[in-house]
Amino acid sequence: MSTVARDPGFDTLLELDDVILAVDDLGHWVKFVVHRTDVTPERPHGLSYSLTLRAPDGNRLVGFDNAHPVKMRRGSQSLQRPEYDHKHRLRFVGAYDYRDAATLLAAFWSEVETVLRERGTVP
């Protein structure tokens, strides 16, 4: 396995693998799936991850992952990013610029808070 530059939040993110947390009294929850991988053009940080916010019925509301390529539209052209990092928000899928594990976690929790606020579950 190739290595990447030391990311101080990397180990913390790996420790969240298979953690499920309730985030409110209505039944919204988050799940983390995180694994170390070989460094590849698709996963240059050596990490496979899926961070999701789920509604009480299990539907995904927010997701940050790198499970598949993302097609970006620019005018009439469709471009595919070499990196797989992206985020889901309801039906929207867009590229996510992965910098490090701590920034990923902060972006995820910020999006979770925004969506829960929009749904009226947090003040």
Side-chain angles (χ1 to χ4, degrees):
M1 219 185 269
S2 298
T3 59
V4 293
R6 182 76 181 126
D7 174 355
F10 195 86
D11 293 334
T12 301
L13 186 59
L14 285 171
E15 289 175 16
L16 289 170
D17 182 41
D18 289 330
V19 170
I20 298 172
L21 301 169
V23 293
D24 65 18
D25 293 336
L26 298 175
H28 292 87
W29 50 282
V30 296
K31 181 176 181 180
F32 301 91
V33 177
V34 187
H35 302 282
R36 187 182 306 265
T37 66
D38 288 331
V39 173
T40 64
E42 298 82 14
R43 295 184 181 95
H45 35 64
L47 191 64
S48 173
Y49 63 88
S50 172
L51 289 58
T52 57
L53 167 66
R54 301 283 177 163
D57 64 5
N59 284 326
R60 179 178 59 193
L61 301 173
V62 171
F64 283 69
D65 69 78
N66 61 354
H68 56 84
V70 178
K71 289 186 180 180
M72 307 291 293
R73 290 212 175 267
R74 293 227 168 91
S76 62
Q77 295 181 355
S78 182
L79 307 169
Q80 187 168 306
R81 290 172 44 108
E83 306 90 9
Y84 282 14
D85 302 294
H86 62 278
K87 66 180 181 177
H88 301 259
R89 181 149 191 234
L90 303 174
R91 294 197 168 132
F92 169 80
V93 179
Y96 173 72
D97 184 21
Y98 183 96
R99 290 184 217 149
D100 57 50
T103 303
L104 171 65
L105 283 168
F108 173 70
W109 283 114
S110 177
E111 198 73 26
V112 166
E113 184 175 336
T114 298
V115 169
L116 292 177
R117 188 171 286 123
E118 288 172 359
R119 294 173 71 87
T121 67
V122 297

Quick check: does any side chain N or O of Ser50 sit under 3.5 Å from a backbone N or O of Asp65, one acting as donor and the other as acceptor?
no
If you compare all heavy atoms of Phe64 against all heavy atoms of Glu111, which two are closest, and at what distance to 0.1 Å?
CE1-CB, 4.0 Å
Which class fits the ring pair Phe108 and Phe32: parallel under 30°, tilted 30 to 60°, perpendicular over 60°?
perpendicular
Lys87/Asp97 ion pair, N-O < 4.0 Å
no
Any non-hydrogen side-chain atom of Val115 less than 4.5 Å from a side-chain atom of His28?
no
Verify, without hydrogens or angle tests, whether Thr114 (side chain) and Ser110 (backbone) share a donor-acceptor contact under 3.5 angstrom.
yes
Measure across Ala95 and Val70 and return the closest heavy-atom pair with its distance rounded to 0.1 Å.
N-CG1, 4.3 Å
Taking Val30's backbone N and O only, do any of them form a donor-acceptor pair with Thr52's side chain (distance below 3.5 Å, no angle check)?
no
How far apart are the C-alpha atoms of Asp11 and Arg36, what are their side-chain angles, what is the distance that settles it, and do they pass the side-chain contact (heavy atoms from CB on, under 4.5 Å) test?
CA-CA 10 Å; Asp11 293 334; Arg36 187 182 306 265; 3.8 Å; yes
Is a donor on one side and an acceptor on the other found under 3.5 Å between the side chain of Arg43 and the backbone of Asn66?
yes
Is there a side-chain contact (heavy atoms from CB on, under 4.5 Å) between Leu105 and Leu51? Walk through the geometry before answering.
CA-CA 9 Å; Leu105 283 168; Leu51 289 58; 4.0 Å; yes
Measure the CZ-CG distance between Arg54 and Leu61 for me, rounded to the nearest 0.5 Å.
8.5 Å
Is it true that a side-chain atom of Asp100 and a backbone atom of Asp7 form a donor plus acceptor pair closer than 3.5 Å?
no
Side-chain heavy atoms of Tyr96 within contact of Thr103, under 4.5 Å
yes
Are any of the side-chain heavy atoms of Thr40 and Tyr84 separated by less than 4.5 Å?
no
Might you point out which heavy atoms bring Leu26 and Thr121 nearest each other, and give the distance in Å?
CD1-CG2, 3.3 Å
Candidate list Leu53, Ile20, Leu21, test side-chain contact (heavy atoms from CB on, under 4.5 Å), partner Lys31, passing option
Ile20
Student check: side-chain heavy atoms of His45 and Asp85 closer than 4.5 Å
yes
